[in-house]
Number of protein chains: 2
Amino acid sequence: MLDEVRTAKSVDQPCAIRDVLDRIGDQWSLLVLATLAPGVRRFSQLEREIGDISKQMLSKTLRRLEQDGFVAREVHAEVPPRVEYRLTALGCSFLEPMRELIRWAEANQAAIQAARRGAEAR
Amino acid sequence: MLDEVRTAKSVDQPCAIRDVLDRIGDQWSLLVLATLAPGVRRFSQLEREIGDISKQMLSKTLRRLEQDGFVAREVHAEVPPRVEYRLTALGCSFLEPMRELIRWAEANQAAIQAARRGAEAR
DNA sequence: GCGATCTGGTCTATGTTCGAGACCGATGAC
DNA sequence: GTCATCGGTCTCGAACATAGACCAGATCGC
């Protein structure tokens, strides 16, 4: 399977994981998805909960996630405006394998930090 | 568990998955790891197999992966120089949950592309 | 001897992306 | 009148990525 990660350049069908990671593998996408996991959120709510994301990146990230079908955006014509974001079925299903990765990250965080400390000591 | 992704900003211990994704979630790291999965590779071999990575980014990516303990680097004092890279145990174990994600990506690629086409049609 | 070639990088110039923060328009609270 | 709320967009400088030139040191063909 990993072969497909490597050999996709010559194939018509672009490599799935490269494609997926190009989108969600950035600084913010995963964080936004995780923040949406518990339920519906408004724009400024996401902004506050994530904390260190700029409006611009939040906006851009949400739009990309929406385009890729991970989140749904619902605008209520009110003043002040109310815009709600929620995970789609695709978005939810994505979080399943992601949870595995998070579990791995938590289990191996210490090892990584140890390696990092060892590297800088060297 | 996903809560920890969101609430880590206030915690002393940095959020594991944010930390991990900051490192391997970039354009190239996963690709390098996948290319190293079958076994030992030399620098220029990685360059050729990946194809569209610049030497600079390959160099930088490998150094970071080495610092984090995902790959091991072995220099042979020969001329021309020979430098070999291989996955460490940590690197191998990381590929396990990653495989899940790749599987998901392959299974849902069509859905994502459909969403994307739908979005641009709109 | 003389140049070309191989290797694993680094350096530089250029282009792309990112974050901080100003700004917007309509409305309600004071 | 004035300020805050909301979901963004715009602009600016800074950070980062990319392509490609360049390097040393030995070996090869001639």
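Because the structure is a prediction, the values reported are computed rather than measured.
- When the nucleotides dG7(D), dA26(C), dC18(C) are ranked by their closest atom to the side chain of Met57(A), dC18(C) comes out on top.
- dC23(C) atom P lies 16 Å from atom CD of Gln56(A), rounded to whole Å.
- The separation between Leu58(B) atom CG and dG9(C) atom C1' is 10 Å, rounded to whole Å.
- Between Leu87(A) and Cys92(A), the shortest heavy-atom distance links the atoms CB-SG, 3.9 Å.
- The aromatic rings of Phe70(B) and Trp104(A) sit tilted, their planes meeting at an angle between 30° and 60°.
- Atom CD1 of Ile50(B) and atom P of dA19(D) are 13 Å apart (whole Å).
- Atom CD in Glu66(A) sits roughly 15 Å away from atom P in dG7(D) (whole-Å rounding).
- Phosphate contact (OP1/OP2 of dA26(C), side-chain N/O of Arg82(A), threshold under 4.0 Å): absent.
- Nearest-nucleotide mapping onto DNA chain C: of Pro81(A) and Lys60(A), the residue sitting toward the 5' end is Lys60(A).
- Judged purely by distance below 3.5 Å, without hydrogens or angles, the side chains of Arg41(B) and Thr35(B) never pair a donor atom with an acceptor atom.
- Relative ring orientation between Phe43(A) and Tyr85(A) is described as tilted, the plane-to-plane angle lying within the 30° to 60° band.
- Candidate nucleotides dG8(C), dA19(D), dG7(D) were compared by shortest atom distance to the side chain of Arg73(B), and dG8(C) ranks first.
- In this model, the phosphate group of dT7(C) is not approached by any side-chain N or O of Arg42(B) to a distance below 4.0 Å at OP1 or OP2.
- An OP1 or OP2 oxygen of dT17(C) is reached within less than 4.0 angstrom by no side-chain nitrogen or oxygen of Trp28(A).
- Here dG7(D) presents its P atom at 14 Å from CD1 of Ile53(A), a figure rounded to the nearest Å.
- An OP1 or OP2 oxygen of dG8(C) is reached within less than 4.0 angstrom by a side-chain nitrogen or oxygen of Ser44(B).
- When rounded to the nearest whole Å, the span between CZ of Phe43(A) and C1' of dG8(D) equals 6 Å.
- Ser59(B) has a side-chain polar atom (N or O) that falls below the 4.0 Å cut-off from OP1 or OP2 of dT10(C).
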Exercise for the section: Run the numbers on Arg86(B) and Glu74(B) for salt bridge (Lys or Arg N to Asp or Glu O under 4.0 Å), then give the verdict. Expected result: CA-CA 9 Å; Arg86(B) 77 187 70 228; Glu74(B) 194 181 352; 3.1 Å; yes
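- Judged by atom type and distance alone, Gln27(B) does not reach the base of dT18(D) through any side-chain donor-acceptor pair under 3.5 Å.
- A straight line from OH of Tyr85(B) to C1' of dT7(C) spans 12 Å, rounded to a whole angstrom.
- For the pair Arg63(A) CZ and dC18(C) P, the computed distance is 13 Å after rounding to whole Å.
- Of the candidates dG8(C), dG8(D), dA26(D), the closest approach to any side-chain atom of Val79(B) belongs to dA26(D).
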